[in-house]
Amino acid sequence: MMKISSKLTQALSKALSSLKFPSKEISLSPPNNSEFGDLSTSLALTLTKDLNQNPIEIATMIVDNLKIPKNLIDEVTVTKPGFINFKISKKYYHEILNEILNVKKYGSGNSGKEKRANVEFVSANPTGPLTIGHGRNAVLGDCIANILEWNGYSVTREYYYNDAGRQMRILSQSVEARYFEQLGKKFLFPEDGYQGTYIKNIAQSVIDKYGNKLKKDDARFLSEAEQSIFNDIKKSLSTLNIIFDEFVNEKTFYETGEIDQLLAELKNKDLIYEKDGATWFKSTALGKEQDRVYIKKTGEPTYRVPDTAYHKNKIDRGYDLIVDIFGADHMDTYPDVLLALNALGISTDHIKVLLYQFVTLMRAGEKVKMSTRKANFVTLDELVDEVGADVVRYFFIMRGMNSHLNFDIDLAKDQSEKNPVYYLQYAHARICNILKHADSKKELTDLDYDTNLLNHSCEIELIKNLEKFPEIIKSVHNSLEPHIISTYLHETANRFHKFYAECHVLTEDTNLSMARIALVKGTKIVINNGLEILGISAPEKM
RNA sequence: GCCCCUGUAGUUCAAUGGAUAGAAUAAAUCCCUCCUAAGGAUUAGAUACUGGUUCGACUCCAGUCGGGGGUACCA
């Protein structure tokens, strides 16, 4: 069955052409005030300039020329400034409910059918445990991957990390220092060393494994640290049900020669030069304000080089869509990556870079400045232990990524019992409970349901909400803002709880009961699907 | 200094340029002989400031003032 909104859009655009009016982008949306109807359009208002006429008159002319399916529309009105409003008949909603119950995966779309997407997220270097800041990235990325899958894409979840740079060297030196310290030998802790206790634990495990035989600069300090930290990171992610398909590291691109090749190609384009003992990328030639160092005078490339090679590699792998999820601190870095690729004639139009703003952590009303190096952070594990994976996921997804959100950890602990995610889960649990009761009533088992019996305003309002779900999935695909789903599901749960309070499902009237059970099942489908996208569990009991 | 985000109820956040700006918390008051009260109903409360564009602005533009992030031969 075709959505009523697309039917109306078609009818409106036909009316425009029959009136010889200029064609316009037609948008239909539910008005804030439901007295105006279920859908309205400002089409006539946008035509006032073109036609130089009163918008009310234009609207009236459009309505007079409108051919719409009468059985699905109760009333068409023209109001104040020039809106055209449609009141949709209950019959339409009754049919929609039937569809929700019969369609395979209600809400899923096919705009990504036969397409492949790569979502790169987390990508924290293995220098310490994941923090709350990484949590926002992790949950955001996983939800975006989910939403792409719901739109038909085949998605690769990818984790990229730098394992060749300065940070890893300092990590190694930090472990080494703790190693000698714990053996009672002389040691020198690096100036910018990692001070967390996890470093001491790693040093201890090196002692347990290799005894006191290791010398300075042994490669095993790093390999042990990397392995141990990575295990912890993977464990943390798995508590949030986040599983990656690919782990890609920087070293690979040195080994495959892709970095040398990249540099050679840029040099061919005259975009590389030497100055002060370093190698520079001539980004000013491409319109940037300053050139960037590509290879330091120590001979070590800066992160831009492997990052660029990595992105070229992703493009070469032929994805239709590449999504990068970065914290706001990467604001300045990714444009250089794209710039270099564009300079080589490589299109980056299918790369979508999402920047989320930082989480400001508050503790007892005070801002906590987090630093992995200084071991001043709250780990993701601690948070998950405190409030549970569902709450953590919901918390990170319920706000737009452009919001700088304040996270008061004490408040989160205090309020975890009345966290908004329970509102959604509770609706689901209530549904399951009703269905359980219904199953035990014999008189309900062999009846068919008739959705036409649903006429209570709470019932219709609930179906109206369910009807929007596919639209929501589509809009999140375009905006890549998963919080739209959590906002929507909150409304779904709200409509359901109202319905629950007003309309008893299991009544003396078996026909009505069957119809309401159908509605409850439809609601369950939407809540289940929505929670699945957010990666949050849908409990049957609470 | 320059660049990017951002400023909405006491607080944390919503709102494809549309009509009366929504929730959640915190406050006040109601509702369980009835499928789970982790719920429902009611009351009170907000677009930082000044201009501009528009039929119409929380939304777009300019400026002012505040918050965050960048501006590295760190990532």
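Throughout, a chain's letter reflects where its sequence line sits, starting with A, and its residues are numbered from 1.
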Practice problem: Indicate whether OP1 or OP2 belonging to B:G40 is found under 4.0 Å from a side-chain N or O atom of A:Y423. | Solution: yes
Note: for A:H437 and A:D307 on RNA chain B, the residue whose nearest nucleotide lies more 5' is A:H437
Whether A:K498 and A:E502 form a salt bridge (side-chain N of Lys/Arg under 4.0 Å from carboxylate O of Asp/Glu) is what I want to check. no
Please classify the nucleic acid contact of A:S42 as base, sugar-phosphate, or nothing, using heavy-atom distances under 4.0 Å. base
Between B:A75 and A:N162, is there an OP1 or OP2 to side-chain N/O distance shorter than 4.0 Å?
no
Next on the checklist: Would you measure the distance from the C1' atom in B:A41 across to the matching atom in B:C32 and give it in whole Å?
Outcome noted: 14 Å
Paired to B:C74 by Watson-Crick or G-U wobble criteria (both distances under 3.5 Å) is none
Checklist entry - When rounded to the nearest Å, what value does the distance between P atoms of B:U20 and B:A26 take? => result 31 Å
Rounded to whole Å, the OH-P distance (A:Y303 to B:G70) equals 11 Å
When we call it a touch if two heavy atoms are under 4.0 Å apart, what does A:C503 touch: a base, just sugar-phosphate, or nothing?
base
note: A:M331, atom CE; B:G68, atom P; distance rounded to Å ~ 18 Å
Separation of B:A75 atom P from A:E226 atom CD, nearest Å, is 15 Å
Is the shortest side-chain N/O distance from A:N494 to OP1 or OP2 of B:G40 below 4.0 Å?
yes
**Study point:** Check: B:U20 base within 3.5 Å donor-acceptor of A:N33 side chain
**Key:** yes
As its Watson-Crick or G-U partner within any shown strand, both distances under 3.5 Å, B:A38 has none
Exercise. Should the pair A:R430 and A:Y500 be classed as cation-pi, given the thresholds of under 6.0 Å to the six-membered ring centre and 45° from the axis?
Worked result: yes
- Gap in Å between the two C1' atoms, one belonging to B:C3 and one to B:A57, rounded: 26 Å
- Message: Using the C1' atom as the point on both nucleotides, what is the distance between B:A14 and B:A37, in whole Å?
- Response: 26 Å
ask   = Say you pick atom C1' in B:C4 and the same atom in B:A21; how far apart are they, in whole Å?
value = 27 Å
A:R430 side chain N/O closer than 4.0 Å to the phosphate oxygens (OP1, OP2) of B:A37? yes
Which of B:C74, B:C35, B:A38 is nearest the side chain of A:R166? It is B:C74
The nucleotide from B:A19, B:C73, B:C35 with an atom nearest the side chain of A:I434 is B:C35
Between A:A309 and A:L262, the two heavy atoms sitting closest are N-CD2, 3.8 Å
Separation of B:U71 atom P from A:R292 atom CZ, nearest Å, is 8 Å
- Using the benzene-type ring in the case of Trp, are the ring centres of A:F121 and A:F244 under 6.0 Å apart? yes
- Is A:K49 near enough to B:U54 that one of its side-chain N or O atoms lies under 4.0 angstrom from OP1 or OP2? no
Assert: residue with more 5' nearest nucleotide on RNA chain B, out of A:D291 and A:H497, is A:H497
**Study point:** Side chain A:S40 and base B:A19 donor-acceptor under 3.5 Å
**Key:** yes
Less than 6.0 angstrom separating the ring centers of A:Y356 and A:F326, yes or no?
no
Review point. Are OP1 or OP2 of B:A41 and a side-chain N or O of A:K498 less than 4.0 angstrom apart?
Key: yes
Quick note, A:N402 side chain, CB onward, closest among B:A14, B:U71, B:C5 is B:C5
From the candidates B:C35, B:G18, B:C73, the one with an atom nearest any side-chain atom of A:F83 is B:G18
With the side chain defined as heavy atoms from C-beta on, A:L506 is closest, among B:C35, B:C5, B:C74, to B:C35
**Prompt:** Does the side chain of A:S403 get closer than 4.0 angstrom to OP1 or OP2 of B:A14 through an N or O atom?
**Reply:** yes
Winner on side-chain proximity to A:R399, out of B:A19, B:C13, B:C73, is B:C13
B:G51 -> Watson-Crick or G-U wobble partner, both distances under 3.5 Å, gives B:C61
Picking from B:C55, B:A38, B:G69, the nucleotide nearest the side-chain atoms of A:D329 would be B:G69
Next item on the list: Check if the side chain of A:D332 and the base of B:A72 share a donor-acceptor pair of N or O atoms closer than 3.5 Å.
Entry: no
key: Ionic contact status for A:K314 with A:D324, cut-off 4.0 Å   = yes
Out of B:A19, B:A38, B:G40, minimum distance to the side chain of A:M542 belongs to B:A38
Among B:C73, B:C34, B:A37, the one nearest any side-chain atom of A:K297 is B:C73
Next item on the list: Would you kindly check whether a donor in the side chain of A:T302 faces an acceptor in the base of B:A72, or vice versa, at under 3.5 angstrom?
Entry: no
Could you tell me whether A:E491 contacts a base, only the sugar-phosphate backbone, or nothing, with contacts defined as non-hydrogen atoms closer than 4.0 Å?
nothing
Quick note, A:E35 side chain, CB onward, closest among B:U20, B:C35, B:A75 is B:U20
Determine, for A:D291 against A:K282, whether the closest basic-nitrogen to carboxylate-oxygen distance falls under 4.0 angstrom.
no
Rounded to whole Å, the CG-P distance (A:L355 to B:U6) equals 11 Å
* Asked: Is any side-chain N of the basic residue among A:K436 and A:E540 closer than 4.0 Å to the acidic one's carboxylate O?
  -> no
**Message:** Is there a side-chain contact between A:K436 and the phosphate of B:C35, meaning an N or O under 4.0 Å from OP1 or OP2?
**Reply:** no
What I want to check is whether an N or O donor and acceptor connect the side chain of A:H404 with the base of B:G67 at under 3.5 Å.
yes
**Asked** Taking atom C1' in both B:U59 and B:A48, what distance in whole Å separates the two?
**Response** 16 Å
Q.
Any side-chain N or O of A:H330 below 4.0 angstrom from OP1/OP2 of B:C74?
A. no
